[in-house]
Amino acid sequence: MVLKEKRIKELENLIVGYQASYYNGEAEISDSEFDLLWDELKELNPKSDVLKKVGTGPDVDGFPKARHLIPMGSQDKASNHQEFIKWAEKQIAKKNKKDITFLVQYKLDGASLELQYEKGKLNKAVTRGDGITGDEITANAIRMKGTVQKLGVPFTGGVRGEVIMTHNVWENKYPAKANCRNAANGIMRRKDGEGCEDLHLIVYDASALDDDNFFTDEMKKLEWLKKCGFETTETKIYNCIDDILNYRDEIAKKRDTLPFDIDGLVVKDIETDMTDLRKARPEKQIAFKFELETAFSILREVIWSESGATYTPIGVVDPVRLAGTTVKRANLNNPDMIRAMGLKLGSYVCVVKRGEIIPKIEGLAPVQSDEEIKEIEFPNKCGTCETDLVDAGTRLYCPNQDCPKRLLHRLEKWVSVLDIRELGEKLIKQLFENNIRHIHQLYDLKADELSEYDRMGKLSAEKVIRHIQTKRELSLASFAAGFDFEGIAETTMEKIAAAGFDTLEKLRNATVADLASVYGLGEITANVIAEGLKECKKEMDSVLNANIITIAPPPSEESQPLRGKSFCFTGELKTMKRGEAEEKIRLLGAQAKTSVVKGLSYLVTNDPSSGSSKNKKANDLGIPIIDEDGFLELIKTNQELKKETLQGELF
């Protein structure tokens, strides 16, 4: 039961986090991969509150926000025949009939949009956002094919559709994008609207404001939309469940021949029910999804990847073709997943290409082979220090705080966070071999001592020491992330600081429950952070007592003149290292991005005219490109503004 509860919590945290990234326009995984997590949670805990919520997270900055006329809720999902039959029979039972009429439509794989009309004229076009509020992109929507500005009838209400890009347009103009959906999502939110003429709006629903009886039949609603000039999605009418199952299988086989992407069917009761439509997850419609491409192979070996203190299982399978590539290795996540699936060496397993990139073993195949079956052996001793490993279910790790591998990884992480490039991997290992095992010891190093190292010399040693001794003010998130809590990224620490735990004292005093309540975290992550803070307390204090590193005070909105802005750096900077530049913008309230994404405020490069992929993408998205001089001027201006603000706060 404990293992099951841990897995439920883990799934809930993953789903909430991936929903946030999706609605921010930066989806981390594919719909198919997300559906696997959703389906597993639904099976383990069908009453989970997460399953009842629409995705959350703010939309991309730069557009005015607008509320939907009717909430754009999420649909329940069925990924196989059995799940769909269960839903359909429930709908029939509710009406106390032998059968009912279902409307079946293509489930378009694009970006949702609501067109809002007032007396027949287009007033606003609003992205889905969090389901209640989205970005108003009216000017962009007008440029899309399929948008009707005047209906010819005095209708006041909303029309819902999906913004898609055809395969032909994607292949000829946007092949650098991962897929048609990502391309459509990015272009529809461009501030300059460029490329919106390459997008296509196909509608599937409508609702009148303050008149729930305007539409009473879903098929007649679609006919009305066509008369108004809209293009609607492919639609069928069925009275028999078996006919819907057959139709779904037929479309699944020919989906690759369609001009645009679909990822399933939408099945609705043909009778319009506005009360149901207003629910966060309407009950009278369902997304009947296509199944993931899978392959079956035999699990031959489990190898354990070591990162810091953690041991992660990787399955080695007989080579198998999947989604156009040959798969030989597949993720197994953690010990609990191996146990839950009942895996053994020699098992015939189901392998899925997650996100069309990462193969993962999903479980046992429906039929097993005649291969000899052997138990999977978990490592029980640390390969570095021989300490007994701890099997915490979701994590197998070495608990020895003084494990050499763990300490070395922490040193490397600290140097990486501070971007001290003079301290390369080989030099760090030399330091480690000379008993520099803790971060604070770096600040006690002397040039004479370092000059005796292999291939070092006096001048090189002095340069390294000079960079180590350079005074730095770090954000709390950067400081904490530098101590290498297992699996905890700097972005996670930024979330915690933003939630009010914005000083080291507050962070240390926070309970596991306090940290777990932070949006997108959960108990497992909270425990790792709490344990890390306790383990590193003495080390953190020693680093701060060296008076080289300081933690920036909690920012106020007024003292963050670049709040809401984001920067991406490419190429070498002349006056500072990239890590220093990123820390400067963080202290002014901005975010550092590793890639060019929609909503980025600036791309910083000393070669703005180059044909690099980042420059090209920034130009395509209409993102300003500035050189180092422009960046330094921007930083100087905003640092002065911050200084004036802080002085004003003091008096």
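The structure displayed is predicted, hence computed values, not measured ones.
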Look up atom CG in Leu364 and atom CZ in Phe296, then write down how far apart they are to the nearest 0.5 Å.
-> 11.0 Å
Donor-acceptor contact present, side-chain Gln91 to main-chain Glu283, <3.5 Å = yes
Within a strict 4.5 Å, meaning less than it, do heavy atoms of the Asp217 and Ile270 side chains meet?
-> yes
Around Arg255, counting heavy atoms of other residues, nucleotides and ligands shown, do more than 12 lie under 6.0 Å from its CZ?
-> yes
To the nearest 0.5 Å, how far apart are CG in Leu277 and NZ in Lys284?
-> 11.0 Å
Any salt bridge between Lys95 and Glu271, counting N to O under 4.0 Å?
-> yes
Find the distance between CG (Leu222) and CG (Asp205) and round it off to the nearest 0.5 Å.
-> 8.0 Å
Quick one: are Leu245 and Ile85 in side-chain contact, heavy atoms under 4.5 Å?
-> yes
Would you mind reporting whether Val266 and Tyr204 have side-chain heavy atoms less than 4.5 Å apart?
-> no
Does a salt bridge link Lys107 with Asp263, judged by any charged N lying under 4.0 Å from a carboxylate O?
-> yes
More than 12 foreign heavy atoms under 6.0 Å from NZ of Lys121: is that the case here?
-> no
Taken to the nearest 0.5 Å, the spacing of Cys180 SG from Asn185 CG works out to 12.0 Å
Look up atom CG in Asp318 and atom NZ in Lys328, then write down how far apart they are to the nearest 0.5 Å.
-> 11.0 Å
What is the distance from atom CG of Leu209 to atom CD1 of Ile70, rounded to the nearest 0.5 Å?
-> 8.0 Å
Of all the heavy-atom pairs spanning Val351 and Pro359, show the shortest one and how long it is.
-> CG1-CB, 4.3 Å
For Asp135 and Ile137, indicate whether the former's side chain and the latter's backbone hold a donor-acceptor pair under 3.5 Å.
-> no
Counterpart residues, salt bridge (charged side-chain N to carboxylate O under 4.0 Å, His left out), relative to Asp243 (two or more places apart) | none
Side-chain contact test, heavy atoms from C-beta onward, threshold under 4.5 Å: evaluate it for Met72 versus Ser112 and give yes or no.
-> yes
Flag the pair Thr127 / Met188 as yes when at least one side-chain heavy-atom distance between them is below 4.5 Å, and no otherwise.
-> yes
Exam field: side chain Thr216 to backbone Asn213, donor-acceptor pair closer than 3.5 Å = no
Pair up each side-chain donor or acceptor in residues 225-242 with any protein partner under 3.5 Å, not counting sequence neighbours, and list the distances.
{"unit_1": "Glu231", "atom_1": "OE1", "unit_2": "His200", "atom_2": "NE2", "d": "2.6"}
{"unit_1": "Thr235", "atom_1": "OG1", "unit_2": "Thr233", "atom_2": "O", "d": "2.9"}
{"unit_1": "Asn239", "atom_1": "ND2", "unit_2": "Thr101", "atom_2": "OG1", "d": "2.7"}

Look only at the side chain of Arg160 and the backbone of Ser207, and say whether a donor-acceptor pair between them is shorter than 3.5 Å.
-> no
Is there a side-chain contact between Ile314 and Leu332 (heavy atoms, below 4.5 Å)?
-> no
Minimal heavy-atom distance between Met337 and Lys360, with the atoms involved, is CE-NZ, 3.7 Å
Describe, in one word, how the ring planes of Phe102 and Trp87 are oriented to each other, choosing from parallel (under 30°), tilted (30 to 60°) and perpendicular (over 60°).
-> tilted
So, the side chain of His68 versus the backbone of Glu114: is there a donor-acceptor pair under 3.5 Å, distance only?
-> no
Less than 4.5 Å apart, any side-chain heavy atom of Tyr106 and any of Ile251?
-> yes
Is it true that Glu218 and Lys221 make a salt bridge, defined as a side-chain N closer than 4.0 Å to a carboxylate O?
-> yes
Should Asp212 and Arg278 count as an ion pair when the cut-off is N to O under 4.0 Å?
-> yes
Derivation and outcome, side chain to side chain contact (heavy atoms under 4.5 Å, CB included), residues Ile187 and Tyr174 = CA-CA 10 Å; Ile187 292 170; Tyr174 304 96; 3.4 Å; yes
Any side-chain heavy atom of Leu115 sitting closer than 4.5 Å to one from Leu201?
-> yes
Give the table of side-chain donor-acceptor pairs shorter than 3.5 Å for residues 143-159, with sequence neighbours excluded, one pair per line with atom names and distance.
{"unit_1": "Arg143", "atom_1": "NH1", "unit_2": "Asp192", "atom_2": "O", "d": "3.3"}
{"unit_1": "Arg143", "atom_1": "NH1", "unit_2": "Gly193", "atom_2": "O", "d": "3.3"}
{"unit_1": "Arg143", "atom_1": "NH2", "unit_2": "Glu197", "atom_2": "OE1", "d": "3.3"}
{"unit_1": "Lys145", "atom_1": "NZ", "unit_2": "Glu197", "atom_2": "O", "d": "2.6"}
{"unit_1": "Thr147", "atom_1": "OG1", "unit_2": "Ala141", "atom_2": "O", "d": "2.7"}
{"unit_1": "Thr156", "atom_1": "OG1", "unit_2": "Lys119", "atom_2": "N", "d": "2.9"}

Is there a side chain to side chain contact (heavy atoms under 4.5 Å, CB included) between Leu600 and Leu621 once you walk through the steps?
-> CA-CA 9 Å; Leu600 184 73; Leu621 294 174; over 6 Å; no
Least distance between heavy atoms, Gly393 atom then Arg339 atom | CA-NH2, 3.8 Å
Can you check whether Leu299's main-chain N or O pairs, donor with acceptor, with Ser347's side chain at less than 3.5 Å?
-> no
Could you walk me through whether Leu343 and Ile361 pass the side chain to side chain contact (heavy atoms under 4.5 Å, CB included) test, one step at a time?
-> CA-CA 10 Å; Leu343 297 182; Ile361 293 176; 4.0 Å; yes
So does Lys173 pair up with Asp198, basic N to acidic O under 4.0 Å?
-> yes
Could you give me the CA-CA distance, side-chain angles and deciding distance for Thr312 and Asn334, then say whether side chain to side chain contact (heavy atoms under 4.5 Å, CB included) is met?
-> CA-CA 6 Å; Thr312 303; Asn334 56 54; over 6 Å; no
Ile338 and Pro313: which non-hydrogen atoms are nearest, and at how many Å?
-> CD1-CB, 3.8 Å
